[in-house]
Amino acid sequence: RDLFKQSDVEAALNAAYDNYKGLQEGKNADYIPALAKVDSKIYGIVLVTADGKVYTKGDVTTEVSIQSISKVFTMAKVIEESGADSIFNNQGVDATGQAFNSIVAIEQNKGAEMNAMVNPGAITATSMVKGETYDEIWGKISGFYNDFAGRQLTVLSDVYQSEAESNQRNQAIGRLMYAYGKIKSNPDRATDIYTRQCSVGVNAKDLAIMAGTLANGGKNPLTGKQVVKTENVPEILAVMATAGLYDDSGKWLYRTGLPAKSGVGGGIMAVSPGKFGIAVISPPLDSAGNSVRAQKAIADISNALGGNPLASKPLK
Ligand SMILES: NC(=O)CC[C@H](N)C(=O)O
């Protein structure tokens, strides 16, 4: 028996797509010059059930840069390699309550309590991936992303170039995390690999399959490959739930209960454990840096399908 009725999922996707297609709120990120040029009208929704059914609506083929959503997968790699305590004991797992690239947050906590879903904790996570050379580390990170997506992803070189030329703030964040001893060596290399990971191109279907892998105990529901150990999935989702939508994560959790992650490229992916992964791409962002349409569409669809993992019914 399928986890969901096909007509229920289709109706939920259609309704959300139509309801928010005309919404004009938000604007593309522009602090990375290449992102300002991305077509604001891209709008696609994909839901992948834990039993491997794929539902699509709108533009599900155009790629945008994955940006901060990459933080989930690099952190997952560190947890796979070094255990769940590694990030807990180094950058910590608490929310900063500040913008994703806040330097004040680092200073307040001397580099601790830097959830890996915001830049200081994420650049630190990238620095923790084991390997001798840039190429070796990058090969491991990109190969891991490919396993989540079930296909070979590529770096959008215009986005990488643009961010590499304008990421002085992230370079400062990397060096500050090095100064506080959270990054052990090569902070500039970590920031550059982080910039590259943020430039990986994904479409809405890729992101939904990646989320679907986390919804299915770490096993890609389309390729059947066990990408992360099942035992590591709850910790990955916990970090997402705490800070996946930065300092709007509380509002998001209140509305949906879903661990999720957004990126300034306009994507959001969310995970309903044991049920589905869902992703929406729509570049215009709100002031916290989260896609306006993606938040609304995912919340509606998940609520229509009973996706909130915090909800229960009395037994009798
Ligand atoms: N929130 C994001 O998506 C930020 C990612 C972006 N590459 C940055 O570091 O600024």
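For ligands, and for the atoms within them, numbers begin at 1 and follow the listed sequence.
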Original post:
Which residues satisfy the side chain to side chain contact (heavy atoms under 4.5 Å, CB included) test with Ser162, sequence neighbours excluded?
Top reply: Ile32, Pro33, Ala34

Subject >> Residues in side-chain hydrogen bond (donor to acceptor under 3.5 Å, both in side chains) contact with Gln24, at least two apart in sequence or another chain >> reply: none

Could you pull out every N or O of ligand 1 that sits under 3.5 Å from a protein N or O, with the distance for each pair?
| from | atom 1 | to | atom 2 | distance (Å) |
| --- | --- | --- | --- | --- |
| ligand 1 | 1 (N) | Ser68 | OG | 2.8 |
| ligand 1 | 1 (N) | Tyr246 | OH | 2.6 |
| ligand 1 | 3 (O) | Ser68 | N | 3.0 |
| ligand 1 | 3 (O) | Ser68 | OG | 2.8 |
| ligand 1 | 3 (O) | Val264 | N | 2.8 |
| ligand 1 | 7 (N) | Gln67 | OE1 | 2.6 |
| ligand 1 | 7 (N) | Glu163 | OE1 | 3.0 |
| ligand 1 | 7 (N) | Glu163 | OE2 | 2.7 |
| ligand 1 | 9 (O) | Asn119 | ND2 | 3.0 |
| ligand 1 | 9 (O) | Glu163 | OE2 | 3.4 |
| ligand 1 | 9 (O) | Asn170 | ND2 | 2.7 |
| ligand 1 | 9 (O) | Tyr194 | OH | 2.8 |
| ligand 1 | 10 (O) | Tyr31 | OH | 2.5 |

**OP:** Kindly write out the residues that satisfy ring pair (Phe, Tyr, Trp, His ring centres under 6.0 Å) with Tyr160, not counting sequence neighbours, or none if the list is empty.
**Re:** none

Subject >> Note: Arg169-Glu163 ion pair, threshold 4.0 Å (strictly below) >> reply: no

Subject >> Asp59 with Lys41: basic N within carboxylate O range, under 4.0 Å >> reply: no

Original post:
Tyr17 ring centre to Lys57 NZ or CZ under 6.0 Å, with the angle to the axis within 45°?
Top reply: yes

